[in-house]
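Note that this is a predicted model, so its numbers are computed, not measured. Scope of the values below: all heavy atoms of this structure, side chains included, with no hydrogens, waters or symmetry mates. One-based numbering, in listed order, for ligands and for the atoms of each.
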Amino acid sequence: MAPAAIIDDYPVSAVHDGAALEAISDAVDEINVLKAKAKQAFDAKSKFDSEKDKTQFRQYEVACERVKNFYREQHEKQTVAYNLSARARFYSAARVRPEMTIWEAMEKLNTLIDESDPDTSLSQIQHLLQSAEAIRRDGKPRWMQLTGLIHDLGKLMLFFDGAQGQWDVVGDTFPVGCAFDKRCIYPDTFQANPDAKDPVFGAENGIYHPGCGMQNLMMSWGHDEYLYHVVKDQSTLPAEALAMIRYHSFYPWHKEGAYRQFMAPGDEVLLRAVQAFNPYDLYSKSDDVPSVEELKPYYLELIDEFFPEKKIKW
Ligand SMILES: O[C@H]1[C@H](O)[C@@H](O)[C@H](O)[C@@H](O)[C@H]1O
Ligand SMILES: [Fe+2]
Ligand SMILES: [Fe+2]
């Protein structure tokens, strides 16, 4: 509003009241000071977020109760018996599979806040776009950008009949059927898992033998393993992409070096792929919040390139 208009709107008595005019001008000054302070605070917060250094991620010792409770439950309940029943349920020919495009799946997932994650409170669509954008920014191949975009879509399981809660959908993964490794997070909480006391499942190699190959391990049931099967059957993504999806939560293996005795020839290449993917999944969580609408056209095209069918069977 132009100054003349302000004055026009003002009661005549006030125009002649010099004190009132002075008060208005003081108020305007004050607003400007507040605006500058707000901008300063906003800039400082953005700078802090983007400078979050790598040692500040995955700090489980100091994580909140929500994260600790999540893992207590997951470690107690992920048994061989549960794993077999979950797989039977998900891969049974009788299961009615919802059909949705990749983008619809991303939108559906958006209401989920992951209880196992100490590093982000952003919605899942933003996490997926942050990962994909970080990969794209580094000039990585298009198949890898798409892998970043979809890698957590297995969390959709939570909305389907059969998932028991977040404990069988999200969080780090580990094999069942052999001893739980100390390098898993909160290793003591596995004591509550009945398999830990089982003479076979509790033994170092359990039901496996050294060199049996990673694809023969029965991984704890969750979003990685489930999405791997969906994508393997319905996309043209390469083997490295499938490994990135299947093992991205297997931190005890790809980060801590556990369970390596089970690797077979060929697994080294997959391990390197998973490790190359990990920083984009983890550290992009502190990047700027992406604009979903701006990025949508680029990613819709990318999805079409690797998924021949628009509607995916979930
Ligand atoms: O909390 C996170 C989250 O659930 C991720 O999606 C998963 O991949 C990670 O391994 C886990 O630690
Ligand atoms: Fe994940
Ligand atoms: Fe992720």
Side-chain angles (χ1 to χ4, degrees), residues 54 56-75 78 102 105-106 109-136 144-159 163-175 180-181 183-187 189 219-231 241-256 258-259 271 273-287 289-290 299:
K54 295 185 175 168
Q56 289 169 295
F57 290 86
R58 292 178 61 82
Q59 293 299 302
Y60 289 99
E61 285 318 314
V62 293
C64 60
E65 283 307 300
R66 171 194 63 142
V67 172
K68 290 184 175 159
N69 290 337
F70 166 85
Y71 277 106
R72 205 171 295 130
E73 186 176 19
Q74 190 208 43
H75 288 177
Q78 289 273 1
I102 295 281
M106 288 167 61
L109 197 61
N110 213 20
T111 53
L112 172 89
I113 299 289
D114 185 329
E115 286 173 4
S116 70
D117 195 339
D119 297 313
T120 193
S121 48
L122 287 185
S123 66
Q124 294 288 309
I125 202 166
Q126 279 156 344
H127 168 56
L128 292 174
L129 283 168
Q130 280 175 330
S131 307
E133 281 290 282
I135 295 170
R136 181 181 169 198
M144 190 168 167
Q145 298 172 24
L146 180 59
T147 306
L149 186 77
I150 64 173
H151 75 279
D152 273 338
L153 285 184
K155 293 179 187 173
L156 268 188
M157 263 199 306
L158 204 57
F159 301 105
Q164 307 294 299
Q166 293 216 4
W167 68 268
D168 67 340
V169 177
V170 301
D172 280 9
T173 58
F174 45 86
F180 301 113
D181 195 282
R183 285 162 282 187
C184 296
I185 47 178
Y186 305 124
T189 57
M219 296 301 297
S220 54
W221 183 246
H223 65 290
D224 299 37
E225 185 70 9
Y226 162 66
L227 184 70
Y228 161 75
H229 284 277
V230 172
V231 172
L242 298 179
M244 289 170 182
I245 290 171
R246 193 177 200 180
Y247 300 116
H248 76 268
S249 306
F250 194 7
Y251 279 82
W253 179 55
H254 67 67
K255 177 150 183 283
E256 306 299 337
Y259 302 107
L271 173 60
V274 179
Q275 288 171 331
F277 176 75
N278 179 252
Y280 298 108
D281 182 11
L282 186 57
Y283 303 129
S284 69
K285 288 175 185 173
S286 62
D287 289 355
V289 179
Y299 285 107

Do K285 and ligand 1 have an N or O pair less than 3.5 Å apart? no
Row check, Y186 ring normal vs K68 NZ/CZ: under 6.0 Å, within 45°: no
Students should be able to answer this: which protein heavy-atom is nearest to atom 1 (O) of ligand 1, and at what distance? S116 OG, 2.6 Å
Between Y251 and ligand 1, does any nitrogen or oxygen pair lie at a separation below 3.5 Å? no
May I ask you to check whether G171 has an N/O atom sitting below 3.5 Å from an N/O atom of ligand 1? yes
Work out whether the distance between some heavy atom of H151 and some atom of ligand 1 is less than 4.0 Å. no
Answer side chain, backbone, both or neither: which part of D117 comes under 4.0 Å from ligand 1, heavy atoms only. both
Give the numbers and elements of all ligand 1 atoms closer than 4.0 Å to a heavy atom of D152. 6 (O)
Once you restrict to heavy atoms under 4.0 Å, what part of D172 touches ligand 1? Side chain, backbone, both or neither. both
Y60 heavy atom under 4.0 Å from ligand 1: yes
Residues K255 and D172 bridged, charged N to O under 4.0 Å: no
re atom 5 (C) of ligand 1, the protein heavy-atom contact at minimum distance is K155 NZ, 3.9 Å
Under a 4.0 Å heavy-atom limit, does F70 contact ligand 1 with its side chain, its backbone, both, or neither? neither
Please work out which of the three classes, parallel, tilted or perpendicular, describes the rings of H75 and F174, given edges at 30° and 60°. perpendicular
What protein heavy atom sits nearest atom 8 (O) of ligand 1, and how far off is it? S249 OG, 2.5 Å
Donor on one side chain, acceptor on other, H127 and D281, under 3.5 Å: yes
Just to be sure I understand the site: which N, O or S atoms from the protein are less than 2.8 Å away from the Fe ion (ligand 2)? D152 OD1, H223 NE2, H248 NE2
How does F250 reach ligand 1, if at all, at less than 4.0 Å between non-hydrogen atoms: by side chain, backbone, both, or neither? neither
Would you indicate whether the side-chain heavy atoms of W167 and Q78 approach each other to under 4.5 Å? yes
Which residue and atom name correspond to the protein heavy atom nearest atom 3 (C) of ligand 1, and how close is it? D114 OD2, 3.2 Å
Is a donor from one side chain sitting under 3.5 angstrom from an acceptor on the other, for S249 and D224? yes
H248 vs H151 aromatic rings, parallel, tilted or perpendicular, using cut-offs 30° and 60°? perpendicular
Within-cut-off N or O pair, D281 and ligand 1, under 3.5 Å: no
